[in-house]
Amino acid sequence: MRDSTGLRRGARSNALWGSGSRGESRKNALWGSGKRANALWGRRGRGLVLLALAAFTLIVPLAAGAKSSGPGSGTFISPGLLEKGKQDPAHKLHVIIKSTGGTKDAIQKINGLGAVLRRPLSLIGAIAVDIPAGKLDSLSKQSGLTVTPDASVHVSGTVNYSTQIWPYESGNAFLWGSTFSPAPQAPTIAVVDSGIQANRSDFDSGSRVAGQVNMTSLSPNSAGDGRGHGTFVAGIAAGSAAGYAGAAPNAKILSIDVMDDTGTARTSDVIAACDWILSNRSTYNIRVANFSLHSGAKNHFYNDPLDAAVEKLWFNGVFVVAAAGNYGTASGPSGVLYAPGNDPFVMTVGAADLGSSFYRSDDTAAPWSAWGHTEDGFSKPDLGAAGRYLIGPVPQGSTLVSERPDHVVSPGYMELSGTSFAAPVVAGTAAQMLARHPGWTPDQVKGALMLTATSMSSAIPGSMGVGELNAYGAAIYGGTPPNPNLALRKYVSSSGTGGGLTFDAASWSAVVQSNASWADASWADASWATASWSAASWADASWAAASWADASWADASWAAASWADSASEDAAEGDASGSEPALSSDALKALQSSFGTKLP
């Protein structure tokens with residue numbers, strides 16, 4: 001895997017924004033730190049920029065022939081795909097072909113190339129096909145296409161109170177309601193995963209399961225949830241079983257099965273799930289979608305079809321939560337390099353380790369939780385939530401149980417770790433927020449979550465984004481939340497393929513290359529001053545054309561992995577033995593008895 005930290009390291013005084021003082025000139029809040037630093041290459045000025053350019057001149061020949069131009073120009077083919085075509089022309093590749101002319105145009109342009117159409121992806125004007133690797137060179141001579149791997153995707157009434165710490169420390173427990181003061185009805189959460197075992201007490205014997213949709217094109221795929229991952233995720237988001245209540249125990253769940261029994265999915269199946277959610281969001285009142293998974297191929301968000309699909313949901317009122325990924329290391333930032341967690345619009349969540357006590361002072365980032373910059377310079381994750389040593393429901397016959405029997409804590413329940421399980425904590429929280437603020441947009445939900453996050457003094461700056469989830473504070477926020485995506489929103493228009501709102505990557509890239517302060521608008525709102533991380537200075541990013549325009553998407557160091565169509569599941573689900581800090585019976589009773597006075 002590519003070490004994307006490269007020239008991006010440097011001391012930061014703040015969890016996301018960089019170092020310096022407010023006395024310095026107005027800086028950009030998103031990208032890095034240092035005087036005239038570059039968002040991708042670090043903070044040490046022109047010397048390192050020149051070094052990066054020198055390194056780039058050495059690696060360009062390795063990617064010769066790849067159509068690696070920036071957004072909006074010609075045809076883009078992931079560099080590794082063309083390399084595979086040269087090495088093994090007969091090899092059948094699973095790819096997604098997106099056309100500026102829409103799905104029909106993409107179909108026309110594969111005529112005569114020996115390609116097999118597997119699925120139209122009208123949501124993003126694309127198709128999923130199998131094509132001989134040697135035919136990609138012919139495809140590259142067409143115009144208006146973006147060709148990326150169809151890569152495997154990883155898996156990243158009265159409430160029965162939880163005996164785990166995380167709902168209390170995060171503040172979710174104080175949103176559950178009680179017999180005499182029930183919580184407002186939360187909207188439906190779409191769980192795009194391996195399916196769920198619906199008929200269990202965690203989901204009120206199936207009465208809160210709004211539907212189960214099967215989008216899986218891989219096998220074996222057992223009925224319900226043969227893997228167990230989706231059931232666990234749904235339980236953390238919205239479970240209601242005795243002792244295992246999730247973040248939003250009264251929310252309905254819409255299960256979309258995209259994974260087989262090994263925890264693997266095709267990117268095209270996940271995109272099809274997005275299309276289904278968009279078409280049925282009003283029927284099922286879907287306001288939140290959880291993606292505890294990530295693509296197996298690195299890409300830039302403006303070229304990635306899965307990013308385009310989740311953006312369609314976001315622009316149409318569905319709050320998207322994505323796991324950051326479990327490929328981080330304790331030695332430094334790994335970058336957040338895969339869709340959909342690399343998308344700047346959506347809420348990307350890292351996994352927090354709650355330490356050895358109920359108090360947040362010893363909370364830190366789980367050592368495998370991915371963090372750092374995306375390929376496009378965005379800092380991720382946006383915030384952290386409990387994701388280590390969580391207990392949740394799984395079918396007893398699932399492959400997770402058979403692979404990790406030592407993690408079973410009682411029949412039908414396991415202890416697991418991963419950003420896959422931190423994400424649904426935030427998804428459930430978002431549902432609780434929308435129950436209280438039904439008029440909020442996804443941008444506003446994200447803004448309130450970031451604004452109210454709690455600083456994590458024991459975590460490496462940046463590893464948990466702006467801080468740790470404060471569910472109660474976010475849900476009862478009384479103002480109009482600021483929009484952290486404000487600067488990006490000006491590049492969202494209705495001129496894209498297939499109608500509806502679409503991000504204009506070409507216009508965005510033209511601006512960021514010439515304007516170092518293009519994102520200032522996102523952070524101009526005075527209300528951000530109440531945030532726990534506001535005391536740190538704004539960061540600075542030059543986005544200079546000389547160091548950004550070419551190297552970031554022509555980099556050959558990730559080409560070898562970009563064509564791969566299979567990958568293994570993230571290993572953090574088998575995290576080393578350990579446990580969440582235990583609550584004493586007296587402490588648990590005190591917390592539970594306090595609910596009635598703490599409801600909004």
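Worth knowing before you read on, the calculation uses all heavy atoms, side chains too, and leaves out hydrogens, waters and symmetry mates.
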Item to check | Non-neighbouring partners of Glu468 that pass salt bridge (Lys or Arg N to Asp or Glu O under 4.0 Å), sequence neighbours left out | outcome: Arg360
Item to check | Interatomic distance, Ile165 atom CD1 to Leu390 atom CG [nearest 0.5 angstrom] | outcome: 11.0 Å
Checklist outcome for this item: Rounded to the nearest 0.5 Å, the NZ atom of Lys446 sits from the CZ atom of Phe319 at a distance of 8.0 Å
Item to check | Results of salt bridge (Lys or Arg N to Asp or Glu O under 4.0 Å) for Asp202 - residues two or more places apart only | outcome: Arg200
Item to check | Distance (rounded to the nearest 0.5 Å) between Asn285 CG and Ile189 CD1 | outcome: 11.0 Å
Next on the checklist: Quick check: do Arg436 and Leu175 have side-chain heavy atoms less than 4.5 Å from each other?
Outcome noted: yes
Item to check | side chain to side chain contact (heavy atoms under 4.5 Å, CB included) between Gln212 and Ile196, worked out | outcome: CA-CA 8 Å; Gln212 297 194 77; Ile196 65 170; 3.7 Å; yes
Next on the checklist: Determine whether a donor-acceptor pair (N or O, by modelled atom type, separation under 3.5 Å) exists between the side chain of Thr348 and the backbone of Ala324.
Outcome noted: no
Next on the checklist: Can you tell me how the ring of Phe301 sits relative to the ring of Trp508, calling it parallel under 30°, perpendicular over 60° and tilted otherwise?
Outcome noted: perpendicular
Checklist entry - Any side-chain heavy atom of Ile277 sitting closer than 4.5 Å to one from Val192? => result yes
Next on the checklist: Could you check, using the six-membered ring where one of them is a Trp, whether Trp368 and Tyr327 have ring centers closer than 6.0 angstrom?
Outcome noted: no
Next on the checklist: Measuring from atom OG of Ser493 to atom CZ of Phe315, what distance do you get when rounded to the nearest 0.5 angstrom?
Outcome noted: 9.5 Å
Checklist entry - Regarding Trp166 and Asn172, is there a side-chain donor-to-acceptor distance under 3.5 Å anywhere? => result no
Checklist outcome for this item: Of Val321, Val258, Val310, the one forming a side chain to side chain contact (heavy atoms under 4.5 Å, CB included) with Phe291 is Val310
Checklist entry - Which is it for Phe378 and His373 under the side chain to side chain contact (heavy atoms under 4.5 Å, CB included) test, yes or no, and what are the steps along the way? => result CA-CA 5 Å; Phe378 296 89; His373 290 93; over 6 Å; no
Next on the checklist: With a 6.0 Å cut-off on the ring centroids, do Tyr302 and Phe503 count as close?
Outcome noted: no
Checklist entry - Taking the side chain as C-beta and beyond, is there a heavy-atom pair between His437 and Pro481 under 4.5 Å? => result no
Item to check | Residue pair Phe345 / Val492, side-chain heavy-atom distance below 4.5 Å | outcome: yes
Next on the checklist: Counting C-beta onward and ignoring hydrogens, is there a side-chain heavy-atom pair between Pro367 and Arg388 closer than 4.5 Å?
Outcome noted: yes
Checklist entry - When you check the side-chain N and O atoms of Asp193 and Ser292, is any donor under 3.5 Å from an acceptor? => result no
Checklist entry - Which pair of non-hydrogen atoms, one from Tyr284 and one from Thr188, has the smallest distance, and what is that distance? => result O-OG1, 2.7 Å
Checklist outcome for this item: Shortest non-hydrogen pair, Leu337 vs Asn342, comes out as O-ND2, 4.2 Å
Checklist entry - With distance as the sole test, does Asn290 use its side chain to make a donor-acceptor pair with the main-chain N or O of Val191 at under 3.5 Å? => result no
Checklist entry - Do you know the tightest heavy-atom contact between Asp376 and His300? => result OD1-ND1, 2.7 Å
Item to check | For Asp307 against Pro340, the heavy-atom pair lying closest together | outcome: OD1-CA, 3.4 Å
Next on the checklist: Tell me the closest heavy-atom pair linking Trp440 and Met433, and the distance in Å.
Outcome noted: CZ3-CE, 3.7 Å
Checklist entry - Within the distance-only criterion (no hydrogens, no angle test), does the side chain of Arg208 pair as donor or acceptor with the backbone N or O of Pro249 below 3.5 angstrom? => result yes
Next on the checklist: Is the shortest side-chain heavy-atom distance between Met450 and Leu383 below 4.5 Å?
Outcome noted: no
Item to check | Side-chain donor/acceptor of Lys252 to backbone N/O of Gly211, under 3.5 Å | outcome: no
Next on the checklist: Donor-acceptor pair, distance only, cut-off 3.5 Å: does the side chain of Asp443 make one with the backbone of Pro484?
Outcome noted: no
Next on the checklist: Does the plane of the ring in Phe232 sit parallel, tilted or perpendicular to the ring in Phe421? Use 30° and 60° as the thresholds.
Outcome noted: tilted
Checklist entry - Can you tell if the side chain of Trp176 reaches within under 4.5 Å of the side chain of Gln432, non-hydrogen atoms only? => result yes
Item to check | Verdict with reasoning, Leu278 to Val318, per side chain to side chain contact (heavy atoms under 4.5 Å, CB included) | outcome: CA-CA 8 Å; Leu278 188 61; Val318 179; 5.8 Å; no
Checklist entry - Taking the side chain as C-beta and beyond, is there a heavy-atom pair between Glu311 and Val346 under 4.5 Å? => result no
Next on the checklist: Just verifying a value: how many Å separate Gln444 CD and Asn485 CG, rounded to the nearest 0.5 Å?
Outcome noted: 11.5 Å
Item to check | side chain to side chain contact (heavy atoms under 4.5 Å, CB included) between Leu501 and Arg489, worked out | outcome: CA-CA 10 Å; Leu501 298 176; Arg489 271 286 180 174; 4.3 Å; yes
Checklist entry - When rounded to the nearest 0.5 angstrom, what is the spacing between CD1 in Ile124 and CG in Leu306? => result 8.5 Å
Next on the checklist: Closer than 3.5 angstrom, by distance alone: can the side chain of Ser458 be matched with the main-chain N or O of Ser361 as a donor-acceptor pair?
Outcome noted: yes
Item to check | Where Ala423 and Ala322 come nearest, the two heavy atoms and their spacing | outcome: CB-C, 4.3 Å
